[in-house]
Amino acid sequence: MTEQPTSHEGRQPLAARPHERTRPRSEVPGPSAVPSPAGPPQDLAGTARREGDRLRFVGAATRRIARGIDLDEIVLGLCRATVPTFSDAILVYLRDPLPVGDERPVSPFVLRLRRTDRLRLAGEDAELGPAVPIPVLDPQTDLSPTAELCEVRSGGALSEVLRGVRPVFGDSAAARAALPELLGDGRTVPSGHRAILAPLRGRRRVIGAAVFLRRPDRPAFEPNDLLVAAQLATHTALGIDKAVLYGREAYIADELQRTMLPDSLPQPTGVRLASRYLPAAETARVGGDWYDAIPLPGSRVALVVGDVMGHSMTSAAIMGQLRTTAQTLAGLDLPPQEVLHHLDEQAQRLGTDRMATCLYAVYDPVAHRITIANAGHPPPILLHLGGRAEVLRVPPGAPIGVGGVDFEAVELDAPAGATLLLYTDGLVESRLRDVWTGIEQLRERLAATAQLTGPDHSPPLEALCDDVLDMLGPGDRDDDIALLAARFDGIAPSDVAYWFLDPEDSAPSRARRLARRALARWGLEELSDSVELLVSEVVTNAVRYAERPVTLRLLRTDVLRCEVGDDSPQLPRQRRARDTDEGGRGLFLVNRLARRWGATRLSTGKVVWFELPTRS
């Protein structure tokens with residue numbers, strides 16, 4: 001709200017008037033802005049005018065301090081509000097480190113000089129700095145501090161002044177002993193009432209001190225100025241307390257959000273990924289939007305994007321639980337509609353008002369197909385290689401948390417070179433446009449971006465994500481935004497070999513022969529010995545427990561991947577075999593020879609896989 005000028009607006013003390021054009025900081029005149037009239041002490045009009053100026057100054061100064069959000073803004077507000085209106089210079093010390101809330105302060109009690117400010121002299125340049133040395137505030141005294149740090153000795157003079165809380169004049173007995181301790185040895189106190197030492201006390205403890213100083217040609221401080229200094233110190237200290245608490249909460253919220261989202265995306269075979277996350281505002285970096293990419297057996301990958309209602313720490317906490325649940329369900333290799341069904345049950349267990357939207361898709365690079373299930377989320381957009389962008393027709397479904405709703409999955413083509421874009425509604429919906437208008441604008445933006453790269457090349461994923469976010473206008477950031485882009489490369493059929501093996505004793509030898517032929521066809525004969533040994537060990541373990549045919553699949557990409565599946569849910573565990581054991585060394589060999597290996601439980605059994613680097 002704009003402040004209304006008063007009849008005394010712009011009045012400056014006589015000592016400050018020659019410099020007022022070089023630093024017009026004050027909003028209203030200071031408490032000592034009007035020198036004492038040359039009349040008798042009974043001049044009530046002059047006294048009333050000075051008191052009115054003092055009250056207006058305190059009101060404007062406290063409003064300026066209160067406008068600050070972070071620590072530096074509050075301290076700067078104090079300095080700009082008091083120099084040159086109330087004082088010609090100010091020194092602000094704060095405790096280092098500043099305690100937060102009920103934290104126990106760190107010992108010893110150390111004050112650090114946080115900021116200094118002073119009245120500029122004529123001829124000084126605000127950009128280039130002072131053209132002359134900092135002026136002394138007393139002909140015999142220079143109060144510039146000798147060091148930034150000051151350790152407050154227990155029981156010392158400075159400790160006693162800070163404990164007393166009330167501001168004191170610099171020439172008082174307590175301040176004359178305390179100021180040299182604060183400023184450093186060899187510094188003496190100016191004569192007369194030209195310095196005020198004001199402790200800064202927060203809600204629970206002293207957190208710093210401020211020193212207000214005036215030059216000799218300026219009227220000295222009056223007793224009522226101690227009350228002004230106390231008001232300034234109180235509002236500053238309370239503001240600093242709030243800023244420190246807010247900073248801690250913002251840090252916790254930011255860390256919470258970071259831990260809820262993936263640190264990095266996986267690099268599954270046959271698909272490339274890129275992502276973005278934008279909070280609703282820099283001052284509230286938490287929200288309920290999330291994205292995820294989860295590798296699945298068979299070189300598949302699950303692509304997830306979701307949005308919990310609201311953008312608070314509660315929303316972020318619920319989002320974290322739903323994301324963890326989705327990862328667990330993906331590890332069971334459940335169909336997308338079943339994953340959403342279990343997420344819906346989990347949301348209902350969290351509370352009746354826990355609502356979220358979610359889109360869950362599974363991409364198979366071998367089949368070049370994608371299966372998608374939706375729970376009230378905006379539909380994805382598929383950008384084809386030729387530049388055509390289409391909004392996929394996916395059943396909308398009900399949001400997670402409604403309960404009692406069946407979800408439907410659709411299976412669609414995922415051609416090589418196409419790009420799938422999953423996003424939350426913060427990207428396409430705002431106060432200025434409805435969601436379907438935003439989706440159409442996003443589709444047009446993607447098509448226009450693809451046209452720039454030509455019909456035979458897909459736009460780079462990272463640049464595509466940046467370009468999508470550039471479509472946001474200044475009024476479009478009403479909600480946080482999660483964005484996940486997937487470029488489908490796929491795996492060519494010629495790079496896949498797939499067989500069924502009956503669960504019998506001859507299966508390992510047949511698996512070795514089949515693997516050898518496939519490697520010869522791919523020109524990877526140098527891997528034959530290692531692959532035959534590892535395939536034999538993994539197939540032997542599968543045949544031992546399987547009742548149905550065992551599957552064997554080889555995939556040639558940047559690595560050679562072997563996958564063996566059976567109908568037994570029992571996962572293999574690596575253990576150290578004893579010298580007398582005849583078996584138990586198969587997984588030890590796999591662990592030593594393979595670059596990576598693992599086992600995943602499926603709804604129909606399990607898959608054991610390993611990877612070997614290919615050599616040219």
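For the numbers below, each heavy atom of this structure counts, side chains included, while hydrogens, waters and symmetry mates do not.
In terms of heavy-atom proximity, Arg166 sits nearest to Pro199 at O-CD, 3.7 Å. Closest approach of Leu158 to Leu197, counting heavy atoms only: CD1-CD2, 4.4 Å. The two residues Arg215 and Asp217 have their closest heavy-atom pair at NH2-OD2, 2.9 Å. Closest approach of Glu181 and Val152 over heavy atoms only: OE2-CA, 4.1 Å. Counting all heavy atoms, side chain and backbone alike, Leu442 lies closest to Leu427 at CD2-CD2, 3.9 Å. Closest heavy-atom contact between Ile207 and Ala237: CD1-O, 3.7 Å.
Looking at Asp480, its side chain does come within 3.5 Å of a backbone N or O of Gly288 through a donor-acceptor pair. In terms of modelled atom types and a separation under 3.5 Å, the side chain of Arg95 and the main chain of Val206 share a donor-acceptor contact. For Thr85 (side chain) and Thr82 (main-chain N/O), no donor-acceptor pair under 3.5 Å exists by modelled atom type. Within the 3.5 Å criterion, the main-chain N or O of Met309 finds a donor-acceptor partner in the side chain of Ser315. In this structure, Ser87 contributes its side chain and Val83 its backbone to no donor-acceptor pair below 3.5 Å. The backbone N or O of Arg112 lies less than 3.5 Å from no partner atom in the side chain of Asp96, so there is not a single donor-acceptor pair. At distances below 3.5 Å, not a single donor-acceptor pair connects side-chain atoms of Asp344 with backbone N or O atoms of Ile400.
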- [ ] Dump the intermediate steps for side chain to side chain contact (heavy atoms under 4.5 Å, CB included) on Thr234 and Arg201, then the final yes or no.
- [x] CA-CA 7 Å; Thr234 298; Arg201 180 175 178 82; over 6 Å; no
Open item on the list: If you apply the rule side chain to side chain contact (heavy atoms under 4.5 Å, CB included), what do you find for Tyr423 with Ile481, and how did you get there?
Closed with: CA-CA 7 Å; Tyr423 53 91; Ile481 298 169; 5.9 Å; no
TODO: With salt bridge (charged side-chain N to carboxylate O under 4.0 Å, His left out) as the test, would you mind laying out the steps for Asp72 and Arg115 before giving the verdict?
DONE: CA-CA 9 Å; Asp72 291 330; Arg115 187 177 182 90; over 6 Å; no
Open item on the list: Before you tell me yes or no, could you show the steps for Leu71 and Arg114 under side chain to side chain contact (heavy atoms under 4.5 Å, CB included), namely the whole-Å CA-CA distance, both residues' side-chain angles and the distance that decides it to 0.1 Å?
Closed with: CA-CA 10 Å; Leu71 189 61; Arg114 185 76 183 195; 3.4 Å; yes
TODO: Begin from the C-alpha positions of Met260 and Trp290 and carry the test side chain to side chain contact (heavy atoms under 4.5 Å, CB included) through to its verdict.
DONE: CA-CA 8 Å; Met260 294 299 180; Trp290 90 91; over 6 Å; no
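Interatomic distance, CG of Leu213 versus CG of Asp117, reported as 11.5 Å (0.5 Å rounding). Annotation: the span from Glu148 atom CD to Thr116 atom OG1 amounts to 9.5 Å, rounded to 0.5 Å. Remark: Ser264 OG to Leu273 CG distance equals 11.0 Å, nearest 0.5 Å. Of the inter-residue distances, the one linking Cys150 atom SG with Leu113 atom CG reads 10.5 Å to the nearest 0.5 angstrom. A distance of 10.0 Å separates CD1 in Ile439 from CZ in Arg433, rounded to the nearest 0.5 Å. Distance CD/Glu345 to OG1/Thr325: 11.0 Å, rounded to 0.5 Å.
Contact check on Arg276 versus Glu462 returns a salt bridge, with a Lys/Arg side-chain nitrogen under 4.0 Å from an Asp/Glu carboxylate oxygen. In summary, Arg54 and Asp225 engage in a salt bridge, as defined by a charged side-chain N under 4.0 Å from a carboxylate O.
Using a 4.5 Å cut-off on side-chain heavy atoms (C-beta onward), Val58 and Phe86 make no contact. Using a 4.5 Å heavy-atom threshold, the side chains of Asn224 and Glu51 count as touching. Within the 4.5 Å cutoff, no side-chain heavy atoms of Asp70 are placed close to those of Tyr246. In this structure, the side chains of Leu111 and Leu182 come closer than 4.5 Å at one or more pairs of heavy atoms. The shortest distance between side-chain heavy atoms of Arg64 and His235 does not fall below 4.5 Å. The side-chain heavy atoms of Gln441 and Val428, taken from C-beta on, include no pair separated by under 4.5 Å. Within the 4.5 Å cutoff, the side chain of Val75 has heavy atoms near those of the Ile240 side chain. Residues Leu183 and Leu91 are in side-chain contact: their nearest non-hydrogen atoms beyond the backbone lie under 4.5 Å apart.
Counting heavy-atom neighbours within 6.0 Å of Glu73 CD, excluding the residue itself, gives a total above 12.
Residues satisfying the ring pair (Phe, Tyr, Trp, His ring centres under 6.0 Å) test with Tyr291, not counting sequence neighbours, are none.
A cation-pi contact, defined as under 6.0 Å to the ring centre and within 45° of the axis, is absent between Arg176 and Phe169.
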